[in-house]
Amino acid sequence: MRWIASPEKDATTATLEKRLWDAADQFRANSGLKAQEYSGPILGLIFLRFAEVRFAAQRARLATAAASARRGSRVDEPTAYHAAGVLYLAPEARFDHLLTLPEAADIGASVNAAMRAIEQHNPQLAGVLPKTYNLFTATLLKELLKKVSEIPASVDFDAFGRIYEYFLGEFARSEGQKGGEFYTPASIVKLLTEVIEPFHGRILDPACGSGGMFVQSARFVAEHQRNPAAELAICGVEKTDETGRLCRLNLAVHGLEGDIRHGGNVNSYYDDPHNATGQFDFVLANPPFNVNAVDKERLKEMVGPGRRFPFGLPRTDNANYLWIQLFYASLNARGRAGFVMANSAADARASEQELRQQLIASGAVEAMVAVGPNFFYTVTLPCTLWFLDKGKAGTPRGDRVLFIDARHIYRQIDRAHREWTPAQIGFLANLVRLHRGDALDFTLGGDEAAAKIREVFGAAPVYADIPGLCKAATLSEVEGQGWSLNPGRYVGVAPGETVSDEDFKAQLEALNEELETLNAQARELEATIAANVAEILEA
């Protein structure tokens, strides 16, 4: 199925984003610093601007309440802000105070002091905020403060979040692969959240990066007229300390708190700081793909039913099936997971196939979605979205897996990058709901998504296999395909469609990725055989 949306964007927000980014780029050009050195301070100022808008709104509410009740004012009590999920800002930590400082002042020292004051009054941010503003000249800081102040105070929560996420994405793009390790494009995360529907409960991301999965989960809850701070208990793990701090900052920007373990020696392969096994309602993640050199000797005590690696350890030097098992094992009896994975994992052979067979046989694999190339800033390869649902075992769909080919559903945002529109996300999520037999929900996507569902599945929509789009395969059909979870093996091609050059390129890239994996397995097997032969000859 082909659905290529118009490249139009929200012109007002896009213009503001670009103007702010141009200012940041000028900041970089005149400071001589690398992206990772100036990204934190710039995000810190955007955070402060957002924090002040929410602080000012709460201060006004408190002032009105004091006037009407004729009692003592609470406008300067930090607890009166914390109770509303708002950060308290001391006078010296407010954006307007910094904006009006004369250039002759030591603005860098003043901004550092502002960040320290915020941490002092808001303990959840202890050690999180950047304090390196002394690296920049007063002229540069003054100019950047002016640019950030152009974000209108009237901009709503979602627009502020989009600006912040835009900066995260642009820094990811400018930092190359390093940035790509901790940033997942918003449209992919939105589809993950729309499918697993995290209305209420405990949510885990053991490779949480800058926290985008948590932010989108909170947005999903807010769009359904509930309070995310009250509905979600957020838990994350991030190996890199700097990125972990960025995650906590991102949560604070959106009025959220979470238990984020980061830095030091915390590593999700070996460590389980949240005692996650069987404890979570939801898991969302975009783990690093095809990681090698994990020390499996350290994992042997974690193997077996009811443990972190219930199906066993892969013999290949590849961590994809370690991550997949961690996600599965963290779910409670009705838990759902949505995560991004390399295409090669859906077809991997040898020991990984054995592990995948056990996972499929458990009945927990709900859906697989093939995503086309160019959705990520730092890599062009396509990927696959996996959805697990432990609650579906024993239901009428317990012995089926839904396969969706979404490679030809996208909006081209520039020459090298694509995304999904809200209507496209709403369409794909409601395709899954149709298969579940659940009520449709067009909170995201609205009338356009609803019209597309009716166009494809009828005026009174009922799930049906659609060649080129979706196929609900039985476990026996999956077994017949060598336990493959590659949507392309099941969905087929729509009548009248032919395989495009782009499809051929994607297939070739996927085959090459699989060939590299098989070659690595062959080398490992050769070494084992050689060692065994040598041992026999020496005996």
Side-chain angles (χ1 to χ4, degrees), residues 16-17 19-33 37-60 62-63 75-78 80-82 86-155 157 159-161 163-164 166-168 171 245-246 248-255:
L16 178 58
E17 288 169 348
R19 191 163 69 240
L20 289 168
W21 179 253
D22 287 345
D25 210 35
Q26 189 71 17
F27 195 66
R28 173 197 58 77
N30 288 297
S31 68
L33 298 176
E37 294 174 301
Y38 73 85
S39 58
I42 291 174
L43 288 167
L45 291 181
I46 296 174
F47 155 77
L48 181 56
R49 173 65 174 157
F50 181 46
E52 174 145 320
V53 169
R54 301 185 77 224
F55 168 83
Q58 177 66 1
R59 188 177 179 85
L62 291 171
V75 295
D76 292 317
E77 292 181 19
Y81 295 84
H82 297 160
V86 175
L87 299 173
Y88 175 75
L89 303 182
E92 70 274 16
R94 295 171 195 169
F95 195 93
D96 286 347
H97 164 73
L98 299 173
L99 188 62
T100 56
L101 289 172
E103 278 194 24
D106 189 340
I107 297 179
S110 297
V111 179
N112 286 342
M115 297 298 174
R116 281 192 290 270
I118 294 171
E119 291 185 350
Q120 178 185 345
H121 291 290
N122 305 278
Q124 72 270 30
L125 291 178
V128 171
L129 298 175
K131 306 175 193 70
T132 56
Y133 293 95
N134 53 299
L135 295 175
F136 311 104
T137 66
T139 303
L140 268 177
L141 277 174
K142 189 75 173 176
E143 184 62 26
L144 189 62
L145 284 163
K146 287 179 183 175
K147 286 294 183 184
V148 174
S149 73
E150 292 174 6
I151 303 176
S154 59
V155 166
F157 172 93
F160 251 116
I163 290 167
Y164 196 80
Y166 170 81
F167 267 71
L168 285 175
F171 283 126
R245 290 196 299 272
L246 188 59
R248 290 167 61 193
L249 183 62
N250 196 12
L251 292 179
V253 163
H254 291 86

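For clarity, every value in this text was computed on a predicted model and none was experimentally measured.
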So, His121 side chain and Leu87 main chain: donor-acceptor pair closer than 3.5 Å or not?
no

Just so I know, are the side chains of Leu145 and Arg49 near enough to count as touching, which here means a heavy-atom distance under 4.5 Å?
no

Which heavy atom of Val128 sits nearest to which heavy atom of Arg245, and what is that distance?
CG1-O, 3.2 Å

What residue pairs, at least two apart or across chains, pass salt bridge (Lys or Arg N to Asp or Glu O under 4.0 Å) with a residue in residues 104-117?
none

On a heavy-atom basis, the closest approach of Thr132 and Pro41 is OG1-CG, 3.5 Å

Leu48 side chain near Val111 side chain, heavy-atom distance below 4.5 Å
no

Between Ala114 and Leu98, what is the shortest heavy-atom contact and its length?
CB-CD1, 4.1 Å

Could you tell me whether the side chain of Lys147 and the main chain of Lys142 form a donor-acceptor pair under 3.5 Å?
no

Evaluate the side-chain proximity of Phe136 to Leu144: yes if any heavy-atom separation is below 4.5 Å, no if none is.
no

Check: Asn250 main-chain N/O paired with His254 side-chain donor or acceptor under 3.5 Å
yes

Atom pair CG (Leu141) and CG (Leu99), whose distance is rounded to the nearest 0.5 Å
12.0 Å

Please report the closest heavy-atom contact between Gly40 and Pro130, naming both atoms and the distance.
O-CG, 3.5 Å

For Arg94 and Glu52, indicate whether the former's side chain and the latter's backbone hold a donor-acceptor pair under 3.5 Å.
no

Heavy-atom pair of closest approach, residues Ala93 and Leu89:
O-CD1, 4.4 Å

Any donor-acceptor N/O pair, Arg248 side chain to Ala126 backbone, under 3.5 Å:
yes

Are side-chain heavy atoms of Leu129 and Phe47 found at a separation under 4.5 Å?
yes

Exam field: side chain Asn112 to backbone Tyr133, donor-acceptor pair closer than 3.5 Å:
yes

Nearest 0.5 Å, please: how far is OG1 in Thr137 from CD1 in Ile107?
8.5 Å

Closest non-hydrogen contact found for Leu125 with Ala252 is CD2-CB, 3.6 Å

Could you check whether the rings of Phe55 and Tyr81 sit parallel, tilted or perpendicular, using 30° and 60° as the cut-offs?
parallel

